[in-house]
Structure formats: structure tokens, C-alpha cells
Protein chains: 2
Amino acid sequence: IIETRGLTKTYRMGAVEVDALRGVSLGVEAGEFLSVMGPSGSGKSTLMNIIGCLDRPTTGSYLFEAREMSGLDDAEFAHVRNRRIGFVFQTFNLLPRLSALKNVELPMVYGGVPPNARRERALAMLERVGLADRAGHRPMELSGGQQQRVAIARALVNEPAMILADEPTGNLDSRVGAEIMGMLDSLNKAGVTIIMVTHDPRVADAGGRRVILKDGMVESDEAVG
Amino acid sequence: IIETRGLTKTYRMGAVEVDALRGVSLGVEAGEFLSVMGPSGSGKSTLMNIIGCLDRPTTGSYLFEAREMSGLDDAEFAHVRNRRIGFVFQTFNLLPRLSALKNVELPMVYGGVPPNARRERALAMLERVGLADRAGHRPMELSGGQQQRVAIARALVNEPAMILADEPTGNLDSRVGAEIMGMLDSLNKAGVTIIMVTHDPRVADAGGRRVILKDGMVESDEAVG
Ligand SMILES: Nc1ncnc2c1ncn2[C@@H]1O[C@H](COP(=O)(O)OP(=O)(O)OP(=O)(O)O)[C@@H](O)[C@H]1O
Ligand SMILES: Nc1ncnc2c1ncn2[C@@H]1O[C@H](COP(=O)(O)OP(=O)(O)OP(=O)(O)O)[C@@H](O)[C@H]1O
Ligand SMILES: [Mg+2]
Ligand SMILES: [Mg+2]
């Protein structure tokens, strides 16, 4: 489903250059479940942002479902992202002035789903992450783990082909974390491709394969668990 | 150092009331190191905000260093918070338009430390958390774990009597997480009181005592490790 070749990402800050990615080549088959690990600052979120069509590499190629992403203009890029990819952000990125419910509805608004269907699907998803009774709360009125679960619900609601989850269990206790992993697992069994960044030893080998990044490059890429 | 009796916190949202804390009584001696655990939404951050003089309880009393905090006006409250307490927030709460360095300097600005001393101490603290080369980056130009470490550095920089750390290692790999725990440990040996909320099994029993919250109340409070 994805094929990256020689991805680099360089941030320029005045006279300084930060090489966040220094040549990443990775192939993922549809239906795989990958864990991405590595030290803080090694480039995991940067890689996820490129794979998730939220950012463009400095050099290198990225094929998603056999299409070269660098050839797309911003509108087509956003369209692929909305329709095919669900992204759980490391820092949640919920809209502060919208309720949990409206936050979860948002990808469906872009996707043109009618209001009643949106609301129903969003409520069902909030129920699945245990937050049916928090639907009206805004992010500031939710605990850290509740915000994280709203971000997870939002990523699943358009039934994407691929889910990118950046540290999805970091703020969750073991029981709720296991429930979320259970959801990702059944989605994966139903054919959804999952790429998960994690530092959490409790979920690190959930998928069959582990990629370790170090200093912006792939250090290892092995079958596990 | 702290004594809470019957703390409650109720959020009113229109017709609905959320009882985040339903009667928490806790005594902590100066120099202790406590872990606070419990399910997502159980009231841990709410309790930390009250103990950290960032919020007031609905009912109940809170004595910090033998002073009843409810008797203080907002200015005195803020003064105690700035001088005696270092807070690492679950969602970091860094100022987006300031660099890492300026974010770490901020508590010293309130504390009236002169500019050169501030800068020097802030740089030293960033070095201790491994971010000397990221001093000029703003939060959006930092990885999740780097933002978390800036939040940690900021909490330590006024040499507080008590550190409240809400999920301090959630975004950190094992090596960096262990370094942070090492810092907290040596501060504790030097007499600093530490209260740490965590879901991370790798650090859960770092202190000698574990308090478990459930539904806004203390479920257990035991010696561990
Ligand atoms: N401003 C608010 N208005 C309404 N309800 C709130 C508000 N802040 C928190 N809550 C609710 O209070 C409860 C306790 O929240 P708190 O942030 O203390 O939980 P927590 O134990 O820190 O959870 P986590 O492990 O997910 O961080 C949650 O159910 C939350 O929805
Ligand atoms: N906008 C930016 N400008 C400059 N440097 C950046 C920017 N964004 C990220 N960086 C740098 O790029 C490097 C990689 O960042 P990235 O967020 O991908 O790390 P990560 O592996 O996700 O780390 P963590 O585990 O801490 O979340 C970091 O050293 C970071 O400081
Ligand atoms: Mg990251
Ligand atoms: Mg919390």
C-alpha cells in the first residue's frame, strides 16, 4: 500500500539545518500492522506526517496505493488524506472550540457525509472508545486520556484504508490501552493497514513487524512477536 | 508537606454535574516520592491541579507547608505556586511563540531572577534533559518527547520544594525516560518532594508509595517497590 524511497526531510532554521529524516526507504503491504520505534527526536513523527499526506519530503519518493504523492497538488493531497488515511496525532490536535462529538464528526464533514449519518456514526465511535457520556465536552473539559481517545475515534470514523497512530496509548491506563489495541487489532483483521509509533512496551510488538528509527534513518526492520 | 482532607471537585456543565473528585484525603511528608495511578478519567490531573495551586477544590481543605490554601487570594496563591512548586503538565502547556529557552526561563522571570542568571540556568537545565542544541526551537519545531522534556526542565528551574509531574515519560523512549527518572530520583534524595502521575509500567513504582485513584476517590494507598 505504501512504498517510500530515500525520503529526506530537512528543516531550515536561519543558518542551521536539521536533518529530521536522512534517507528512509520502506515498503508496507496492504493489511500489515507495523510498529515504529526509536529514540525521542529520531524522526518517527516526521515520517508519519509524510506517509499520512500531512507534509512533503525534501527529497525522495512516496507512492501511496501506487500513486506518486509528490505529483499531487494540495487539493488532491488533502483528498487522499481525508478519504484513505486516519491519523491519530501525538499531541491530539483537537479543535478546542468544538465538542468531542463535533471533533469526531469533522472528517465526515470534509467527506460530505450528511448530518444525521455523521452524528450517528460519531456517537457510535465515541461509545466504542468509552466516551458516550462525554460527547458534549470540549477538549479542555476532558482528561488527557479522554482527549487521546477522541483523537482515536476521529481517525477511525471515515473507515480509512490505513491508520497512522502516533503514540496512541501514551495517556491511557492498561485497561483502556488494551481496549484501544483490541480495536486496532480487529480493524487490522478486517484488512486495514496499521502503522503505529510507540514507546509503550505494553503494545510495542502488537503488529507482526517492528521498524526502529535512529537519527533519521531506519536502523532495523524485523518480524517480531 | 501537604495535607488534604475531603477534597471534592465538581464541574457544572449546564444541567449536568461531573464529580471529578469525590472526597480525597491524603497526607504527604516532605521528601516523599509518590506515584499516583488509576484509570483514565479517575481524577488524577484534577487532584494534581489542586495540590499544585492551579485550581481550587469545590469543598475540602488543602494545607501546603501547614498553610490553608483556601485562605489565600489569587496573588498569594500564584506566589506559592511559582516559588515552591514545579509542575510538569500532561499536555506540556508550553507557550507556542517562545523558544524552548524562553519557555524554561519563564518561571524565573516571575521569580525575579536577573536575565543573565536566568539564561545560564535555563541553558544548564536544557542540557540536563539533552536539549542544549534545541534551545532556539519553538514547541512546533520540536518532537513530542522534546516538548515533554522542555516542560520538565521548566518545572525544575526554580528549584522547587515539591515537583508534580503528570505523566512525565509518556512520550519518551526507555533510555531518555530512565534519564528523567534519574533526575527526579536525585532531586528526591536531595530532599525534594515528588508526586508523579503515571500509566507507564516502567516507572510506576519509582517512589516508595503508590496511591490509586478510581472514580474520584482513593482506592488504595500503599508502600511499594
Ligand atoms: N473542565 C472540565 N469540565 C467538565 N468535566 C471535566 C473538566 N475537566 C475534567 N473533567 C472530567 O473530570 C474527570 C477527571 O478528569 P482528570 O483530568 O482529573 O482525569 P485523569 O485521571 O487525569 O485522566 P487521564 O489518565 O486520562 O489523564 C474526567 O472524567 C473529565 O471528563
Ligand atoms: N518544524 C521543525 N523545525 C525544526 N526542527 C524540527 C521541526 N520539527 C521537528 N524537528 C526536529 O526533527 C527531529 C525529528 O522530530 P520528530 O518529531 O520526527 O521526532 P520523533 O521521533 O517523533 O520524537 P518523539 O519520540 O520525541 O516524538 C527532532 O530532532 C526535532 O527537533
Ligand atoms: Mg513524535
Ligand atoms: Mg490526566
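Here is how names work: the chains are called A, B, and so on, in the same order as the sequence lines, proteins then strands, and each is numbered from 1. What's counted below: heavy atoms across the whole structure, side chains too, no hydrogens, waters or symmetry copies. Values in this document were obtained by computation on a predicted structure and should not be read as measured data.
- No more than 12 heavy atoms of other residues, nucleotides or ligands sit less than 6.0 Å from atom CG of B:N116.
- A:E141 touches chain B through its side chain: at least one heavy atom from C-beta onward sits under 4.5 Å away, while N, CA, C and O do not.
- Between chain B and the residues A:M37, A:R202, A:E167, the largest count of heavy-atom pairs under 4.5 Å involves A:R202.
- One side chain, B:N171 or A:Q90, offers a donor N or O that lies under 3.5 Å from an acceptor on the other.
- The greatest number of non-hydrogen atom pairs below 4.5 Å with chain B, out of A:G38, A:S45, A:P39, A:G170, is found for A:P39.
- When all heavy atoms are compared, the tightest approach of B:H199 to A:D173 is ND1-CA, 3.2 Å.
- Note: A:H137 leads A:Q148, A:H137, A:Q146 in heavy-atom pairs under 4.5 Å with chain B.
- Within 6.0 Å of atom CZ in A:R56, more than 12 heavy atoms from other residues, nucleotides or ligands are found, so the atom counts as buried in its surroundings.
- In this structure, A:V18 and B:R134 approach most closely via the heavy-atom pair CG1-NH2, 3.7 Å.
- Within 6.0 Å of the CZ atom in B:R209, the count of heavy atoms belonging to other residues, nucleotides or ligands exceeds 12.
- For a residue to count as touching a neighbouring chain, one of its non-hydrogen atoms must lie under 4.5 Å from one of that chain's; by this rule A:V16 does not touch chain B.
- B:E120 CD: 12 or fewer foreign heavy atoms inside a 6.0 Å radius.
- Among all heavy-atom pairs drawn from A:R149 and B:S40, the shortest one is NH2-OG, 2.7 Å.
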